[in-house]
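So that the names make sense, note that chain A is the first sequence line, chain B the second, and so on, each numbered from 1.
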Amino acid sequence: MTEPVRTTLDDPALVRVRGLTTVLNGKTIFDALDMDIPRGKITAIMGPSGTGKTTLLKHITGQMRADAGSIHVNGDNVAELSREQLYKLREGIGYLFQNSALLTDFDVFENVAFPLRQHTRLPEVLIRNLVLLKLQAVGLRGAAQLMPNELSGGMARRVALARAIVFDPMLILYDEPFVGLDPVALNQVLKLIRTLNQTLGITSVLVAHELEAIKQVADHVFLIANGKVVAQGDPKTIASDGSPWTRQFFGGEADGPVPFQYPAGDYAEALGFAGAAK
Amino acid sequence: MTVREPQRNNVVSQSLAQIGACGLFLLTLLAAIPRSFRYARETIRQLWFVGAMSLTIIMVCGLFVGMVLMLQLYHVLSIFGGTSASGMVVALSVYRELGPVVTALLFAGRAGTSITAEIGLMRATDQIDAMEMMAVDPIAYVATPRFLAGLIAMPLLCCVFCAMAIFGGHLVGVTWLGIDNGTFWSNMTAQVDVHTDIVNGVLLKSLAFGAVVSLIAVFQGFTTPPTSEGVAYATTRTVVASSIAILALDFVLTAFLM
Amino acid sequence: MSQQRSSYAVGTGLFIVLGFAALAYLATQTSSVANVHQGDSYTVQAQFTNIGQLKERAPVKIAGVRVGQVQSITLQPGHDVADVKLSIDKSYDHIPQDSVATIFTSGLLGDQYVGIQYGTAKQAVAAGGTLARTKSTEPLEEMLGKFFGAGSVVDNVGGSYSVKASFTNVGSLSAGAPVKMAGVVIGSVQSVHADPVKLNAEVVLSIDKRYDAIPDDSAAAVFTSGLIGTQYVAIQPGGSPDVLKDGDEMILTQSAMQLEDLIGKFLVNGSPGDKKDAGNGK
């Protein structure tokens, strides 16, 4: 933890997490978590439900503060930034929400234009061109005048993606980008993630469960359980790694290091057989 | 960032915790005012939603309040031949009490609930978080414009309400019940005082009510659990808390101002 | 979208204009802006033994026309007169020094104001000067109180007996109204109904057993408490040695009077309570 954690432009890691510890409502989410997210790559973060994968993304963007440890994004310690610096940092981060989080007041065009209008004073023509460019990239230029409630889930996610990349960020965080998509939409999103990463060199972080999809797209996988990284590596090697965690997770076994039963008292006692058990 | 759930041991400490949290939220709102200047356009848009869109209900209700008030007063005052004073009594009771209070109650029902539900849904669908992520301060962009819009809209709505009530009173009193038109106006102008009745009554009270109602509405929207059940509950609470706050504040203001 | 935005702006602008128009309407059409308008003025003092309900900012009038307002009302410790400062418009600066300042009531129920009746002195009262001659508030309540019995809370009536009384007019007297003697409640009206034969109102009075020594030639009258209060029956004791008993009828009755009649009589006769001193004015 005392090693130098600064990341610079030539540092291979864009996000460097050291000793991250978070306790929420008495439950330990992260226990001295260390993680390096490589620059320019697609990184997937996997783990059983409730291990705080979304929480980790919120730590990276400074929406939540950790109880201990540090997170450096492109050389800045997120916890030490002032509000203005934090907002400056966030302009360089795209975030794709699980449920797209489009602003329901505005149509598709204005949703994508929203960050531009808030942070720049560009002429209307330029805004229009930028927005149409991004909408074209996600294949929805024709849907510019639709309202968010007229979009399907997959379309809404692509609009949200267009909004997330409108500033050409250095980092995109995808929170469960594949949930609830039909195979066609899923492949479209996969292709987009791959294209954005390759053409723009955007570092991408995916939080997802879909093993097959991740195998196709990710360069690097972190498996988190019990607040620690239990396995990491490229998707093919990690799948064949023999540890009980990876076996359960990638093999889809119901019981293993992750218990099927939520922690509970003695079963016989709960059913009223306490006397009999004695 | 995590908001601790207040201990649910009794109603009193829970209410106190709510009031305290609401007060702190007000400070956050006020502190965000300079930052929300760049979102002036949003304030105008909210002024349209909470103010101009409430105009119809306010005008109709004002008209009926004035009409029924005149009808009642006419019958009471006719017992001792004081019907000529009824226009004046309508004006005074509307300016001092009914105008601000009824406008505020209607405002809480019409605009307050929609503010709470809108913000609650924005939270439930991660729109607030999305703004945070797009480096747009949700307090300055969502909360403060709605608060300011409520603050500006209430006195204006109250003036419209009072004018409609006078119009309704005139309609019933002069046109239907046959009070002399000149007596109606001269009694009113003789007794209504610009300072005590219009500035202290209409404007100051409605400004205070507007602040309280929009604060409660925005606060409930921001603090509700982001679930459909939470939003429904928060909307109800906005109406209940606003109504109590309006009537309690009305008593305090009346005691101090009159 | 920008078109949509400008429509918001226009609508909001219209709303604001409408709101301010309503405010202007309230301020100019339904209140007298003159009430708040204060041009150049000067201050005159007057002392009153009783200011009644006079308030600060009440009007000051000459010949019924507003010329200023009451600036302040103070009571010096150790004095028994109130110091009233009158703020009068500069254009009325020739008020004779011996003018009389009087506290009037506008109408029967209206607010009180200070009226100034011009005197004959050549010298005008100076700014900051004092109007020495004043008349305090007209004791309307006192005068009327001499007419009417003062109301009081109904005693808890124990045993009671009933007497009848006929009136040609009971006004708005209704069952349950108090029956008073010397201004004190001694019973209540049990029933009021019209007599189909005699064509008058027959009122049954229920009187507390404790008051069993009321002479049988006493008179019953229908009075009103205060100016706009409820009506009640007042019993004026006679001089007969015999007393009223249960079921008796009172012969001498005085019907309800119209308020206008009462005031008219009072104004004509000048002296209150010449024959109607039923209640002993408190």
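Looking at B:Arg146 and B:Ser214, their side chains never come closer than 4.5 Å, going by heavy atoms from C-beta outward. Looking at heavy atoms from C-beta onward, C:Ile16 lies in side-chain contact with B:Leu156 at the 4.5 angstrom threshold. Residues B:Thr103 and B:Phe209 are not in side-chain contact: their nearest non-hydrogen atoms beyond the backbone lie 4.5 Å or more apart.
Using non-hydrogen atoms only and a strict 4.5 Å limit, no part of residues 167-180 of chain B faces chain C.
Every residue two or more places apart in sequence or in another chain that forms a ring pair (Phe, Tyr, Trp, His ring centres under 6.0 Å) with B:Phe49 is listed here: C:Tyr8. Residues satisfying the salt bridge (Lys or Arg N to Asp or Glu O under 4.0 Å) test with B:Asp250, not counting sequence neighbours, are B:Lys205. For C:Glu202, there are no salt bridge (Lys or Arg N to Asp or Glu O under 4.0 Å) partners two or more places apart in sequence or in a different chain.
Under a 3.5 Å cut-off, the side chain of C:Ser99 and the backbone N or O of C:Ile95 do not form any donor-acceptor pair.
Considering B:Cys159, B:Cys158, B:Pro155 as possible partners of C:Leu23, the one that fulfils the side-chain contact (heavy atoms from CB on, under 4.5 Å) test is B:Cys159.
Using cut-offs of 30° and 60° on the angle between ring planes, the pair B:Tyr141 and B:Tyr39 is perpendicular.
Heavy-atom distances place no part of B:Ala91 under 4.5 Å from chain C, backbone and side chain included. Residue contact with chain C, scored on non-hydrogen atoms closer than 4.5 Å, involves the side chain of B:Leu203 exclusively. Contact of B:Phe161 with chain C is not made at all, since no heavy-atom distance falls under 4.5 Å. B:Leu47 touches chain C through backbone and side chain together, each having a heavy atom under 4.5 Å away. Using a 4.5 Å cut-off between heavy atoms, B:Ala153 contacts chain C through both its backbone and its side chain. Both the backbone and the side chain of B:Ile44 come within less than 4.5 Å of a heavy atom in chain C.
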